[in-house]
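In what follows, chains are A, B, ... by sequence order, proteins preceding strands, each numbered from 1. What you see is a predicted model; the values in this text were computed from it and never measured.
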2 protein chains.
Amino acid sequence: MAELDTQLKKGTLELCILALVQKERKYGYDLVEQLKVLGMIITEGTLYPILIRLRTDGYLVATWEESEQGRPRKYYEITEKGTQMLTESIKQWKEYVAIVNTIISHKYT
Amino acid sequence: MAELDTQLKKGTLELCILALVQKERKYGYDLVEQLKVLGMIITEGTLYPILIRLRTDGYLVATWEESEQGRPRKYYEITEKGTQMLTESIKQWKEYVAIVNTIISHKYT
DNA sequence: CCTTATATTTTGTATTACAAGGTATATTGT
DNA sequence: ACAATATACCTTGTAATACAAAATATAAGG
């Protein structure tokens with residue numbers, strides 16, 4: 001059986017990344033750092049494919065930007081489609097959490 | 001991108017099934033029906049492999065029981081190990097939900 | 001009989017987080 | 001000058017898992 005934590009991420013990582021980018025435009029490496037601070041550890045091999053998926057599907061747009069020091073950064077911004085998707089996803093997430101909480105608290109007949 | 005609902009289930013289905021069986025010993029088909037009522041649709045092709053995994057790992061035990069009508073049923077009960085696992089999993093689940101809620105509500109700096 | 005409901009199981013598929021590694025640039029320490 | 005570290009992006013291959021679909025089996029009801 002895989003780590004529970006790994007499994008829990010499936011489905012919510014895209015949601016979280018959309019939400020983070022919605023609050024503030026971000027580049028990939030920064031997202032990994034920020035998620036770590038917030039208590040969600042992901043590797044770059046996880047993040048970059050997600051960013052590519054979200055961009056391919058039109059939820060994010062990317063622009064290269066020179067950095068004063070170090071490599072140029074690819075900044076991501078959320079699109080209108082991305083915002084709609086995020087709103088819908090958050091709704092589904094909350095519904096799902098409610099169901100799971102009902103089950104684990106044995107509050108059903 | 002797959003259905004969000006499908007992805008959300010990964011990781012929490014085992015948790016939910018352990019919790020359902022903890023409350024009352026159950027057989028497979030009954031679990032599918034009960035989950036449907038509670039708002040979580042899963043197919044048999046999803047449930048039975050999970051039950052096998054949970055039994056193989058020692059979290060559940062199974063006993064065949066004759067039914068007055070229809071096929072015999074394989075009833076599942078939670079083990080001590082299963083109860084410990086469930087307690088730990090619920091703790092992790094709650095921590096994870098808290099992190100996701102922080103992110104989607106933009107309540108961080 | 002034939003359909004429906006009950007009940008378990010198996011096979012194959014698509015998705016996705018991750019480990020591991022590769023590429024590239026700037027800073028810091030010795 | 002040189003090595004190590006931090007920053008930053010990307011790719012490849014793997015393991016885990018929900019699901020569709022089908023196979024198997026028994027009893028009840030029209």
Side-chain angles (χ1 to χ4, degrees), chain A residues 1-18 25-37 40-57 60 62-76 89 92 96 99-100, chain B residues 1-18 25-37 40-57 60 62-76 89 92 96 99-100:
Chain A
M1 205 148 58
E3 288 289 307
L4 174 57
D5 206 55
T6 296
Q7 294 308 114
L8 291 179
K9 285 177 195 162
K10 301 194 179 182
T12 50
L13 272 186
E14 296 191 353
L15 178 68
C16 288
I17 288 159
L18 276 178
R25 66 198 290 272
K26 288 278 184 187
Y27 56 97
Y29 195 82
D30 192 17
L31 284 166
V32 175
E33 299 289 296
Q34 178 148 36
L35 282 165
K36 198 187 294 174
V37 170
M40 194 180 296
I41 313 285
I42 66 167
T43 66
E44 293 156 29
T46 300
L47 178 71
Y48 287 110
I50 291 176
L51 288 174
I52 291 166
R53 280 207 303 275
L54 291 174
R55 197 162 85 91
T56 302
D57 294 345
L60 295 178
T63 45
W64 280 104
E65 223 160 284
E66 295 296 326
S67 173
E68 303 262 314
Q69 68 258 36
R71 296 198 58 184
R73 298 161 175 173
K74 197 187 253 182
Y75 275 89
Y76 290 89
S89 294
Q92 277 183 247
Y96 191 76
I99 292 172
V100 173
Chain B
M1 206 149 56
E3 288 289 308
L4 174 59
D5 207 54
T6 295
Q7 293 309 115
L8 291 178
K9 285 176 194 160
K10 300 194 180 185
T12 50
L13 274 186
E14 295 191 352
L15 179 68
C16 288
I17 288 158
L18 275 178
R25 66 200 289 271
K26 288 278 184 188
Y27 56 97
Y29 195 82
D30 192 17
L31 284 167
V32 175
E33 298 291 296
Q34 178 149 35
L35 281 165
K36 197 187 295 173
V37 170
M40 194 180 296
I41 314 285
I42 66 167
T43 66
E44 294 152 27
T46 301
L47 177 71
Y48 287 109
I50 292 176
L51 288 174
I52 290 166
R53 280 207 303 273
L54 291 174
R55 197 162 84 92
T56 302
D57 294 344
L60 296 177
T63 44
W64 280 104
E65 222 159 284
E66 295 297 325
S67 172
E68 304 260 316
Q69 68 259 31
R71 297 196 59 186
R73 298 161 176 171
K74 197 187 254 183
Y75 276 87
Y76 291 88
S89 294
Q92 280 187 52
Y96 191 76
I99 291 171
V100 173

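- Of the residues listed (A:Lys74, A:Arg71, A:Glu44), the one engaging A:Tyr29 in a side-chain contact (heavy atoms from CB on, under 4.5 Å) is A:Glu44, and it is the only one.
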Pair assignment for DNA chain C - dot-bracket with | for other-strand partners, Watson-Crick or G-U under 3.5 Å: ||||||||||||||||||||||||||||||

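- On the nucleic acid side, DNA chain C has its first and last nucleotide under 4.0 Å of a heavy atom of chain B at C:dT6 to C:dT16, going 5' to 3'.
- With rounding to the nearest 0.5 angstrom, the OH atom of B:Tyr76 is 12.5 Å from the CG atom of B:Leu18.
- The minimum heavy-atom distance between A:Trp64 and A:Pro72, with the atom names listed, is CZ3-O, 3.5 Å.
- Shown here for B:Ser89 and B:Leu15, the closest heavy-atom pair between the two residues is CB-CD1, 3.4 Å.
- The side chain of A:Tyr29 places no N or O atom within less than 4.0 Å of a non-bridging phosphate oxygen (OP1 or OP2) of D:dC9.
- Listed pair A:Tyr48 / D:dC10 fails the phosphate criterion, with no side-chain N or O lying under 4.0 Å from OP1 or OP2.
- Looking at residues two or more places apart in sequence or on another chain, you find a side chain to side chain contact (heavy atoms under 4.5 Å, CB included) between A:Leu13 and A:Lys9, A:Met40, A:Ile42, A:Thr46, A:Ile50.
- Between the NZ atom in B:Lys10 and the CD atom in A:Gln7 there is a gap of 7.5 Å [rounded to 0.5 Å].
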Nucleotides 16-21 of chain D: which of its N/O atoms have a protein N/O under 3.5 Å away?
| from | atom 1 | to | atom 2 | distance (Å) |
| --- | --- | --- | --- | --- |
| D:dC19 | OP1 | B:Lys9 | NZ | 2.5 |
| D:dC19 | OP2 | B:Thr46 | OG1 | 3.1 |
| D:dC19 | N4 | B:Gly45 | O | 3.4 |

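- Shown here are the side chain to side chain contact (heavy atoms under 4.5 Å, CB included) partners of A:Gln34, two or more places apart in sequence or in another chain: A:Leu20, A:Lys26, A:Leu38, B:Tyr108.
- Between A:Gln92 and B:Asp5, the closest heavy-atom pair is NE2-N, 3.9 Å.
- Between B:Lys74 atom NZ and D:dT24 atom C1' there is a gap of 14 Å when expressed in whole angstrom units.
- If you take CG of A:Asp30 and C1' of D:dA8, they are 11 Å apart, rounded to a whole angstrom.
- Among all heavy-atom pairs drawn from A:Tyr96 and B:Thr12, the shortest one is OH-OG1, 2.6 Å.
- Residues passing the side chain to side chain contact (heavy atoms under 4.5 Å, CB included) test with A:Pro49, sequence neighbours excluded: none.
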